[in-house]
Amino acid sequence: MSNHTNYKSEFLQVLQDRGFIAQGTNLEGLDEKAADGVLTGYIGFDATAKSLHAGSLIQIMMLYWLQQTGHRPLALMGGGTTKVGDPSGKDEQRKFLSDEDINANINSIKGVFAEFLNFGDGPTDALMINNDDWLSKLSYVEFLRDYGVHFTINRMLTFDSVKLRLDRESPMTFLEFNYMLMQAYDFHELLNLHGCTLQLGGTDQWGNIVNGVELCRRKDQTEVFGLTTPLLTTASGKKMGKTENGAVWLNAEMFSPYDYWQYWRNAEDADVEKLLSRFTVLPMDEVRRLGTLEGAEINEAKKILATEATALLHGREAAESAAATAEKTFEQGALGGDLPTIELTASAISEGTPLVDQFISTGLCASKGEARRHIKAGALKINGISIREERPISNEDLVDGKIKLSIGKKKHAIIRVS
């Protein structure tokens with residue numbers, strides 16, 4: 001169904017063109033509804049950390065396009081579900097967080113949504129809602145009697161989030177098993193409170209979403225819709241939003257706009273078109289043009305990707321500033337020869353020469369002990385991104401045949417690879 005190319009609604013057409021659609025419960029019905037008037041749709045975000053990371057961006061962009069095409073997005077914060085933990089893709093139960101921690105995380109996450117969505121009281125203005133408002137008030141016996149009857153264990157055992165855990169013989173608690181009932185109940189509650197008829201999510205949420213659609217059909221005699229987006233991995237199979245040094249956080253105080261710009265700038269060549277279509281708002285003609293560039297020109301496309309993606313999250317000024325800083329410290333510095341430079345052979349990199357040794361060779365650090373102290377403090381950087389542990393240099397660190405080493409913001413050196 002996802003290879004459908006002519007939708008009536010601008011919403012589904014945009015999602016289709018930009019590669020956001022994996023599967024839907026009834027795409028024709030959803031298309032009719034979206035073409036007919038304002039649709040309210042939601043995505044749930046659990047509050048397990050003070051910031052979301054780039055892995056959540058694809059969901060935020062779906063809400064962005066929902067609003068841009070004339071509909072109303074709801075960002076549902078999982079104040080209640082965070083207490084339980086979504087078992088999807090997990091091998092073990094989540095650590096428990098206190099109510100204070102969860103609320104602090106929600107407050108910290110809020111600011112990011114304001115960069116992508118317009119909040120307010122208008123018909124297409126976004127709302128941020130917390131499912132703790134209803135989940136914590138539920139009475140257990142009543143909930144089981146009124147809602148438990150609509151779920152069969154047989155069906156629940158077929159969903160990936162449960163099946164994969166059981167296949168791996170990894171213990172799954174009854175608490176986690178309940179997660180999908182709670183998520184289904186969220187959909188029913190949002191339908192009744194806000195007329196919400198669409199839930200969006202990644203393909204790992206398909207089972208949870210289908211449960212919600214089923215519950216609304218049985219309990220409310222209403223057809224609601226589910227739509228999933230493909231889970232994104234890089235061309236080399238890595239998860240989006242992770243680097244060797246940890247998560248790419250969306251909050252500026254946890255991951256600076258400059259580091260964020262560098263993250264996108266370091267994208268793999270094969271991913272450029274895919275990333276431009278999903279994480280920028282450039283017209284698709286331009287995205288396709290940039291995606292066909294090759295050789296040195298693909299680096300220009302990566303800079304556009306980095307600047308456009310950073311502008312969406314941190315604002316145009318911060319994005320331009322990051323691009324200018326990168327140009328100044330990396331390109332002009334390296335080409336103008338005013339940064340300390342050493343040569344390494346390609347074979348030395350393939351053999352995994354230790355990174356710490358290069359910080360000493362370039363004169364940035366006096367000794368291994370000093371380098372290790374800087375690593376602990378997060379002050380050593382490769383290509384503008386902090387490293388958190390000792391490791392060898394790898395081919396993945398190469399950008400245009402060079403690697404930039406830095407201590408803090410002011411001291412830089414270049415490794416040229418011959």
Side-chain angles (χ1 to χ4, degrees), residues 1-44 56-76 113 115-118 122-127 187 190-191 194-206 209-210 212-213 216 222-233 240 271-292 301 304-305 308-309 311-313:
M1 191 58 227
S2 65
N3 58 5
H4 195 310
T5 47
N6 288 313
Y7 288 111
K8 295 180 192 167
S9 65
E10 190 191 357
F11 170 58
L12 282 185
Q13 194 60 54
V14 166
L15 288 197
Q16 170 69 29
D17 292 347
R18 302 189 85 95
F20 281 97
I21 300 178
Q23 56 199 140
T25 53
N26 169 7
L27 287 173
E28 284 99 339
L30 176 59
D31 191 32
E32 292 276 349
K33 201 167 168 61
D36 205 30
V38 176
L39 188 72
T40 298
Y42 89 98
I43 299 179
S56 298
L57 258 187
I58 196 156
Q59 313 304 341
I60 297 173
M61 289 306 295
M62 285 178 93
L63 290 180
Y64 170 86
W65 287 116
L66 183 68
Q67 187 168 53
Q68 292 298 313
T69 53
H71 304 285
R72 181 170 65 154
L74 308 180
L76 180 70
F113 286 95
E115 298 297 329
F116 292 86
L117 304 174
N118 296 314
T124 64
D125 283 343
L127 296 176
F187 204 169
L190 289 171
L191 169 66
H194 299 286
C196 180
T197 52
L198 171 65
Q199 183 181 175
L200 304 154
T203 49
D204 60 332
Q205 293 298 315
W206 179 247
I209 290 172
V210 168
V213 170
C216 293
T222 302
E223 185 183 17
V224 295
F225 304 91
L227 181 67
T228 61
T229 186
L231 288 182
L232 216 56
T233 51
M240 264 294 297
D271 290 329
V272 169
E273 186 171 335
K274 181 168 72 175
L275 298 177
L276 279 164
S277 64
R278 288 166 180 75
F279 301 111
T280 77
V281 296
L282 291 174
M284 282 306 293
D285 290 349
E286 177 67 355
V287 165
R288 283 187 277 267
R289 183 188 75 78
L290 291 169
T292 59
I304 291 169
L305 164 66
E308 293 301 315
L312 271 178
L313 176 61

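All residue numbers in this chain count up from 1 along the given sequence. None of the values given here were measured: they were computed from a predicted structure. Both backbone and side-chain heavy atoms feed into the values below; hydrogens, waters and symmetry mates do not.
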Quiz item: Taking atom NZ of K33 as the centre, does the number of heavy atoms from other residues, nucleotides or ligands within less than 6.0 Å exceed 12?
Solution: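 Result for NZ/K33: open.
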Any idea which heavy atoms bring [X] and [Y] closest together, and the distance?
X: Y64; Y: F116; result: CD1-O, 3.2 Å
X: Q67; Y: P73; result: CB-CG, 3.8 Å
X: Y42; Y: C196; result: CD2-SG, 3.6 Å
X: T292; Y: R289; result: OG1-O, 2.7 Å
X: S9; Y: D31; result: OG-OD1, 2.6 Å
X: I43; Y: M62; result: CD1-CB, 4.3 Å

Residue pair [X] / [Y], side-chain heavy-atom distance below 4.5 Å:
X: L15; Y: Y7; value: no
X: L57; Y: L313; value: no
X: V287; Y: E273; value: yes
X: R18; Y: T280; value: yes
X: N26; Y: V213; value: no
X: K8; Y: D36; value: no
X: T40; Y: T197; value: no
X: L30; Y: L39; value: yes

When the side chains of residues 224-233 are checked against the rest of the protein, which donor-acceptor pairs come out under 3.5 Å, sequence neighbours left out?
residue, atom, partner, partner atom, Å
T228, OG1, Q23, N, 3.3
T228, OG1, Q23, O, 3.4
T229, OG1, F20, O, 2.9

